[in-house]
Each structure stands twice: as structure tokens, then as C-alpha cells.
Amino acid sequence: MANTRDVEAGIHTDFREEMSYGSYLDLDRLLSAQHPVSDPVHHDEMLFIIQHQTSELWLKLVLHELRSAMELLAADEMRMSLKRIARVKHIQKTLTEQWSVLATLTPSEYVEFRDSLGHSSGFQSWQYRAVEFALGNKNAAMLPVHEADPAAHALLTELLEAPSLYDEFIRCLHRRGIEMPTRVLERDVTVAHEEDPELTAVFTRIYENAGEHWDIYEACEELVDLEENFQVWRFRHLRTVQRVIGMKTGTGGSSGVGFLQRALDLTFFPELFSVRTQIGA
Ligand code: HEM
Ligand SMILES: N[C@@H](CC(=O)c1ccccc1NC=O)C(=O)O
């Protein structure tokens with residue numbers, strides 16, 4: 001038998017007047033958006049560009065899902081919100097796995113086009129910063145770098161001033177009858193939340209009586225997964241950076257690995273981790 005598949009008679013082949021795969025997905029634009037800046041063009045710059053572009057596409061979806069998850073919590077639709085979070089967790093896994101592709105870039109290869117990147121850096125990724133803000137790592141000092149892009153600046157300002165996913169979760173639980181500390185409910189949402197012992201006590205009671213609060217207990221564990229996945233992405237970034245540029249300072253102007261290391265001390269949902277210490281104590 002011939003090792004060829006017949007194109008069945010029913011297969012549509014005339015797309016002069018109809019929407020096709022490429023036109024629906026705007027592939028002409030997507031696939032003509034890779035512009036290496038090294039001169040002469042370095043072979044590995046294509047990898048570098050596509051790794052970032054695919055990350056940004058996934059970040060776009062992460063943000064879309066997280067914003068929806070927050071709206072759903074505000075509307076007391078916790079189960080639907082968890083569906084959004086479940087999808088985000090899978091995207092995070094893909095983003096983290098993807099580091100292995102970039103890890104094939106050796107320091108000798110990267111150094112050949114690194115200078116062409118000027119002062120551009122992932123630090124300027126507004127989508128990454130938007131995801132961090134949505135998850136609660138608020139920091140107004142991150143805004144000035146986006147002043148040259150008014151739309152990005154406006155979106156980040158909006159997210160900075162809005163309750164985070166965790167704020168919405170806590171408010172939602174309060175409305176469901178889990179009494180939450182007033183200072184947490186009325187906190188200044190433009191800054192990062194800091195651990196509140198009373199809130200830890202609330203979550204510890206939920207974990208110790210999981211059977212009575214099964215849906216809430218499950219939701220808490222989803223948030224723990226989300227933070228865990230985010231930290232693993234940060235860690236893989238740090239290790240990739242270390243193997244590619246060692247202890248060099250970053251193109252964005254930071255100290256490099258040391259700066260990235262300090263992000264590993266940040267936490268979105270501190271009480272959900274303190275529960276681990278408190279439970280059974
Ligand atoms: C060889 C590859 C890479 C190197 C050497 C590298 C290096 C760095 C360094 C040194 C920083 C600190 C800021 C600076 O001074 O520039 C940074 C930040 C950042 N990079 Fe990368 N990076 C690489 C790949 C990526 C990729 C593929 C992404 C995916 C989008 C990414 C996203 C980010 C983000 C979001 C930040 C800000 C992190 C924060 O604020 O904590 N980087 N990177
Ligand atoms: N910050 C990197 C450069 C870099 O990785 C980068 C440059 C332009 C666009 C995105 C980048 N990715 C992450 O920081 C460096 O210091 O080599």
C-alpha cells in the first residue's frame with residue numbers, strides 16, 4: 001500500500017472568498033512579527049524572540065483567565081472561578097516546561113547578540129507585571145517603566161487600584177459566612193498584602209475542619225498550587241539566567257541573578273502557607 005494519505009474529495013480547498021485557518025488566526029501578522037536586531041543576524045536570536053513571544057501569548061491568556069476569575073469571585077461564583085484557575089495552572093506548567101528550550105542557548109551563543117538588545121529586558125513586560133498585580137504582588141514602583149506605553153500604564157494602574165485575586169477570594173468567603181478580619185477586608189489594595197495572624201487563624205480553622213468547608217478548603221489548595229507554579233517559573237528563569245549570563249548585571253539595569261533571587265522571597269497568599277505551620281500546633 002502506498003505510504004501516502006489521500007486528500008478526501010470532501011476536503012475544502014478554495015479559500016479565496018472564505019475564512020481560512022490563516023486568516024482566522026491572523027497568521028500573516030503573527031508570523032511576520034519576528035525581527036532579529038543582531039547584524040549580521042545571529043542564528044539563535046530567532047529562538048530568543050520566539051521563546052519570549054510564546055511566553056507573552058500565554059501570559060495574555062493567563063491575564064484573561066485571572067481577570068475573569070476575579071470577576072466571578074466578586075459575583076460569588078466560586079466554582080466557576082476555580083475553573084479559570086485550573087486552566088491558569090496548566091498554562092503555568094507549559095510556561096515552566098518551556099525553559100528547557102531556551103536552556104539550549106549557550107553563554108557563547110547569547111553573548112554574540114546580547115549587546116544588540118540594548119536596555120530591553122523582561123523587566124519591562126507589562127503582561128508579566130499585570131499578572132503579578134492581579135495575584136497581589138502590588139508595587140507602584142513598577143509603573144514608571146511603562147510610561148512610554150500609555151495603554152499598558154493605564155491597565156497596570158487599574159489593576160494596582162483594584163482588589164487582587166486574594167482580596168476577592170477573602171471578600172467572597174466573608175459573604176459566604178466565614179468571618180474575616182475587618183482590617184483585611186478594608187486594607188489598602190494598592191500595596192502588597194502582608195501576613196495577618198488573624199487571617200491565618202481563620203484559614204487554620206478551615207483546614208482543621210476541612211470536611212465542613214470542603215469547597216473552600218479545595219479553593220485554598222488551588223491558590224497554593226497557583227503560587228507554587230509561579231515560584232517554580234521564577235526559579236527556572238533564575239537558573240536559566242544563571243547558566244546563560246552568570247553573575248553579569250542585567251540589560252534592564254538590575255544586579256541580575258541577585259535581583260531575581262529576591263523575588264523568590266515574595267508570596268501572594270502568605271496565610272495559606274502559614275497554615276502549614278499552624279495546623280495541629
Ligand atoms: C537568556 C535568557 C534570559 C536572560 C539572560 C534573562 C535575564 C534577566 C535578567 C538579568 C532580569 C533582571 C532585570 C534586568 O536587569 O534585566 C530579567 C528579568 C525578567 N525576565 Fe528575563 N531573561 C531571559 C529570558 C526571559 C524569558 C524567556 C522571559 C519570558 C517572558 C523573561 C522574563 C523576564 C521577566 C518577566 C523579568 C522581570 C522579573 C521580575 O521583575 O522579577 N526572561 N531577566
Ligand atoms: N535581561 C537579559 C536580556 C533579556 O533576557 C531580554 C532582552 C530583551 C527582551 C527580553 C529579555 N528577556 C528577559 O529578561 C540580559 O540581561 O541578558
Side-chain angles (χ1 to χ4, degrees), residues 33-39 41-64 66 88 91-146 148-149 152-153 155-156 159-160 192 227-268:
Q34 292 68 43
H35 309 288
V37 291
S38 53
D39 185 17
V41 172
H42 192 282
H43 172 84
D44 298 308
E45 197 181 343
M46 189 61 91
L47 158 70
F48 192 77
I49 292 172
I50 289 182
Q51 178 96 17
H52 284 89
Q53 289 182 335
T54 50
S55 300
E56 289 291 340
L57 277 177
W58 282 123
L59 284 172
K60 181 170 183 167
L61 187 57
V62 167
L63 198 55
H64 180 69
L66 286 179
V88 171
I91 303 168
Q92 288 176 311
K93 296 266 182 208
T94 290
L95 280 167
T96 298
E97 264 307 300
Q98 191 172 304
W99 282 114
S100 68
V101 184
L102 194 62
T104 63
L105 180 72
T106 65
S108 343
E109 289 157 355
Y110 183 50
V111 79
E112 288 178 38
F113 64 90
R114 185 175 187 234
D115 280 349
S116 323
L117 303 174
H119 290 145
S120 66
S121 162
F123 182 77
Q124 297 138 23
S125 165
W126 65 263
Q127 292 204 111
Y128 178 82
R129 209 55 72 199
V131 169
E132 280 205 328
F133 280 11
L135 292 177
N137 179 22
K138 305 282 187 80
N139 186 349
M142 297 296 174
L143 287 177
V145 81
H146 303 285
D149 181 348
H153 193 271
L155 181 99
L156 286 171
L159 285 168
L160 185 79
E227 171 155 342
E228 177 80 2
N229 289 351
F230 203 95
Q231 287 290 27
V232 176
W233 183 91
R234 279 181 174 150
F235 181 73
R236 290 292 305 273
H237 176 238
L238 180 148
R239 297 295 301 188
T240 310
V241 172
Q242 199 170 10
R243 73 183 274 171
V244 179
I245 65 165
M247 301 308 280
K248 289 190 182 93
T249 55
T251 51
S254 82
S255 58
V257 165
F259 181 68
L260 298 173
Q261 182 84 52
R262 284 189 290 283
L264 294 177
D265 294 330
L266 302 172
T267 170
F268 300 121

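Since we're looking at a predicted model, the values are computed, not measured. As the structure lists them, so they are numbered: ligands from 1, and atoms in each ligand from 1. Note: hydrogens, waters and symmetry copies are ignored here, and every other heavy atom, side chains too, is used.
Near Leu102, with a cut-off below 4.0 Å to any heavy atom, the atoms of ligand 1 are 1 (C), 2 (C), 24 (C), 27 (C). Short contacts between ligand 1 and Ser55, defined as distances under 4.0 Å to a heavy atom of the residue, involve ligand atoms 29 (C), 30 (C). Under a 4.0 Å criterion applied to the non-hydrogen atoms of Gly250, ligand 2 contributes the atoms 16 (O).
Contacts between Arg234 and ligand 1, counted as non-hydrogen atom pairs separated by less than 4.0 Å, are absent for every part of the residue. Under 4.0 Å from ligand 1, heavy atoms of Phe123 appear from its side chain as well as its backbone. If you look at Thr249 next to ligand 1, there are no close heavy atoms at all, none under 4.0 Å. Under 4.0 angstrom from ligand 1, there are no non-hydrogen atoms of Glu56.
Nearest protein neighbour of atom 10 (C) of ligand 2, counting heavy atoms only, is His52 NE2, 3.2 Å. The nearest heavy-atom contact from the protein to atom 1 (N) of ligand 2 is Thr251 OG1, 2.9 Å.
With Tyr110, Trp126, Trp233 as candidates, the residue nearest to atom 32 (C) of ligand 1 on a non-hydrogen basis is Trp233.
Ligand 1 has no N or O atom lying under 3.5 Å from any N or O atom of Gln51, backbone or side chain. Polar contact with ligand 1: absent for Trp99 (N/O pair, distance under 3.5 Å).
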